**Q** 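Please read through the structure below; I'll follow up with questions.
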Amino acid sequence: MSRRPFIAGNWKMYKTGPQAVETAIYLAKLCSGVNDPEIMIAPTHLSLPLVAQAVKGSAVKLGAQNLYFEQEGAFTGEVSADMIKAAGAEYSLIGHSERRQLFGETDDTVCQKIKAALGSGLKPVLCIGETEAQRDEGKTYFILDKQISDGLKGFGLGELSELVLAYEPVWAIGTGKTASIEQVAEVHEHLRSLLERLFSKDLADRTRILYGGSVKPENVKQLMGIKDVDGALVGGASLDADKFIKIIKYNE
Ligand code: PGA
């Protein structure tokens, strides 16, 4: 099965509304005529409606960086999946390592958030990854398998057809240290076979598995050349549209 390549930008807590709009408009212009890969940017919640307008009618799609799993209620400071969907997003990152490390997110909350996203018609991008200490202790697959099996616990096959997976080794995020081609190839192959074991061959074949962690114009082509790598989740290098477009056009 051929999977459509997917390049996603995670803007983290960067850019005010006007700055996000400016970058988004320029990026949309740079992306005109690009059919593949699928392109997504995830600005802050606050900028979602503004950026939705800015990229309307372009090849650039919108995603959120996080959501809360309750539908509504007395949850001060949180934003629901319905609200994000209504703001114009199609995707939401879920379980990004910064959420797990800095904001106490667990595989259990990740699971609830995926459920909420699907319930609102948002496509979840489930982020997983091991820390440097976990890799050094030889626990990489134990951690990744747990993040997937607990994060996707209780879902039926039909529910996960739009799932996107992002493998982001924590030690490679924002550090300039990219995982080696061999490391990425081995993990991605493992993840696809895990999906097959947990769900089905069809789901494993259709699920796009992105790599994230210091992806830049200089290394994207090599990473995208790996058999089970279907895209990239890009942090720092997605903030500058002139840089990000080089990643998007990795094939040219
Ligand atoms: P980075 O971030 O590209 O800056 O390493 C990736 C991410 O956190 O998704």
Side-chain angles (χ1 to χ4, degrees), residues 5-15 19-20 23-24 27 37-45 47-48 51 60-67 89-105 110 113-114 117 122-132 134-135 140 143-144 147-148 151 163-181 183-184 187-188 191 208-224 226 229-250:
F6 189 33
I7 304 286
N10 172 11
W11 285 359
K12 309 193 178 185
M13 200 176 77
Y14 290 100
K15 299 185 188 290
Q19 288 166 344
T23 308
L27 179 68
E38 185 174 356
I39 305 153
M40 184 268 266
I41 49 176
T44 68
H45 284 351
S47 296
L48 283 175
V51 173
V60 181
K61 294 179 173 178
L62 192 62
Q65 298 173 17
N66 179 35
L67 53 81
E90 180 175 334
Y91 288 92
S92 180
L93 306 184
I94 294 183
H96 187 277
S97 70
E98 284 147 22
R99 302 289 325 162
R100 294 179 191 257
Q101 299 216 301
L102 305 172
F103 303 100
E105 203 142 295
V110 163
K113 288 180 177 197
I114 291 180
L122 285 172
K123 300 171 184 169
V125 180
L126 168 58
C127 305
I128 58 167
E130 81 287 359
T131 62
E132 186 149 41
Q134 288 163 340
R135 178 166 278 269
T140 299
I143 295 295
L144 298 177
Q147 288 173 337
I148 291 191
L163 174 76
V164 177
L165 211 57
Y167 169 57
E168 301 198 294
V170 178
W171 46 273
I173 295 180
T175 57
K177 252 201 260 180
T178 318
S180 72
I181 298 302
Q183 285 170 328
V184 177
V187 170
H188 279 237
L191 295 174
R208 291 176 293 179
I209 309 179
L210 320 182
Y211 168 79
S214 301
V215 176
K216 8 177 210 260
E218 296 77 31
N219 61 18
V220 63
K221 191 166 181 158
Q222 227 189 350
L223 288 162
M224 291 299 289
I226 301 172
V229 172
D230 306 306
L233 180 52
V234 187
S238 72
L239 292 168
D240 175 349
D242 284 315
K243 214 178 212 184
F244 194 38
I245 192 69
K246 291 191 185 140
I247 295 178
I248 291 165
K249 295 189 172 178
Y250 65 90

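Keep in mind the model is a prediction, meaning the values are calculated, not measured. Read the numbers this way: they start at 1 and go in the same order the structure lists the ligands and their atoms.
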**Q** Taking only heavy atoms of Glu168 into account, list the atoms of ligand 1 that are under 4.0 Å away from them.
**A**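 The list of qualifying atoms is 6 (C), 7 (C), 8 (O), 9 (O).
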**Q** Checking Met40 against Leu93 for the side-chain contact (heavy atoms from CB on, under 4.5 Å) test, could you report, in this order, the C-alpha distance in whole Å, the side-chain angles of both residues, the deciding distance, and whether it holds?
**A** CA-CA 11 Å; Met40 184 268 266; Leu93 306 184; 4.2 Å; yes
**Q** Judging by distance only, is a nitrogen or oxygen of Thr175 under 3.5 angstrom from one on ligand 1?
**A**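 No, there is no polar N/O contact under 3.5 Å.
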**Q** Hey, which atoms in ligand 1 end up nearer than 4.0 Å to a heavy atom of Gly174?
**A**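 Ligand 1 atoms under the 4.0 Å threshold to Gly174: 1 (P), 4 (O), 5 (O).
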**Q** Distance only, no hydrogens: is a donor on one side chain within 3.5 Å (strictly under) of an acceptor on the other, for Lys15 and Thr23?
**A**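 Per modelled atom types, Lys15 and Thr23 side chains form a pair under 3.5 Å.
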**Q** Which one of Tyr91, Tyr250, Tyr211 satisfies the ring-ring contact (aromatic ring centres under 6.0 Å, His included) criterion with Phe6?
**A**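 Among the candidates, only Tyr91 passes.
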**Q** Relative to the heavy atoms of Leu233, which atoms of ligand 1 are at a distance of less than 4.0 Å?
**A**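 Those of ligand 1 that fall under 4.0 Å from Leu233 are 9 (O).
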**Q** Considering only heavy atoms of Gly236, which atoms of ligand 1 have at least one such atom less than 4.0 Å away?
**A**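 What qualifies from ligand 1 is 1 (P), 3 (O), 4 (O).
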**Q** Ser214: which residues meet the side-chain hydrogen bond (donor to acceptor under 3.5 Å, both in side chains) condition with it, sequence neighbours left out?
**A**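 For Ser214, no residue satisfies side-chain hydrogen bond (donor to acceptor under 3.5 Å, both in side chains) once neighbours in sequence are set aside.
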**Q** Inspect the surroundings of NZ in Lys246 and state if more than 12 heavy atoms from other residues, nucleotides or ligands are less than 6.0 Å away.
**A**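 Counting neighbours around NZ of Lys246, 12 or fewer heavy atoms of other residues, nucleotides or ligands fall under 6.0 Å, so no.
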**Q** Heavy-atom count around Lys216 NZ within 6.0 Å, excluding the residue itself: above 12?
**A**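 Buried by this count: over 12 neighbours within 6.0 Å.
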**Q** Measure Ile173 to ligand 1 on non-hydrogen atoms and call it side chain, backbone, both or neither using the 4.0 Å cut-off.
**A**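 The part of Ile173 near ligand 1 is both the backbone and the side chain.
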**Q** Measure Ala172 to ligand 1 on non-hydrogen atoms and call it side chain, backbone, both or neither using the 4.0 Å cut-off.
**A**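 The answer is the backbone of Ala172.
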**Q** Taking only heavy atoms of Gly213, which atoms of ligand 1 are found under 4.0 Å from at least one of them?
**A**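 Result: 5 (O).
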**Q** Should you measure from each heavy atom of His96, which atoms of ligand 1 turn up under 4.0 Å away?
**A**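 Atoms satisfying the 4.0 Å criterion: 7 (C), 8 (O), 9 (O).
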**Q** Can you run down the salt bridge (charged side-chain N to carboxylate O under 4.0 Å, His left out) pairs that involve residues 163-179, sequence neighbours left out, and say none if there aren't any?
**A**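 Checked against salt bridge (charged side-chain N to carboxylate O under 4.0 Å, His left out) - neighbours excluded - the pairs reaching residues 163-179 are Glu132-Lys177.
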**Q** I'd like the name of whichever of Lys12, Glu98, Lys177 reaches closest to atom 2 (O) of ligand 1 through any heavy atom.
**A**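 Looking at heavy atoms only, Lys12 sits closest to atom 2 (O) of ligand 1.
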**Q** Do Gly235 and ligand 1 have an N or O pair less than 3.5 Å apart?
**A**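 Yes, since at least one N or O of Gly235 sits under 3.5 Å from an N or O of ligand 1.
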**Q** I'd like to know if the side chain of Arg100 reaches the main chain of Cys127, judged simply by a donor and an acceptor atom lying under 3.5 Å from each other, with no hydrogens or angles considered.
**A**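 Pair found, side chain donor or acceptor close to backbone of Cys127.
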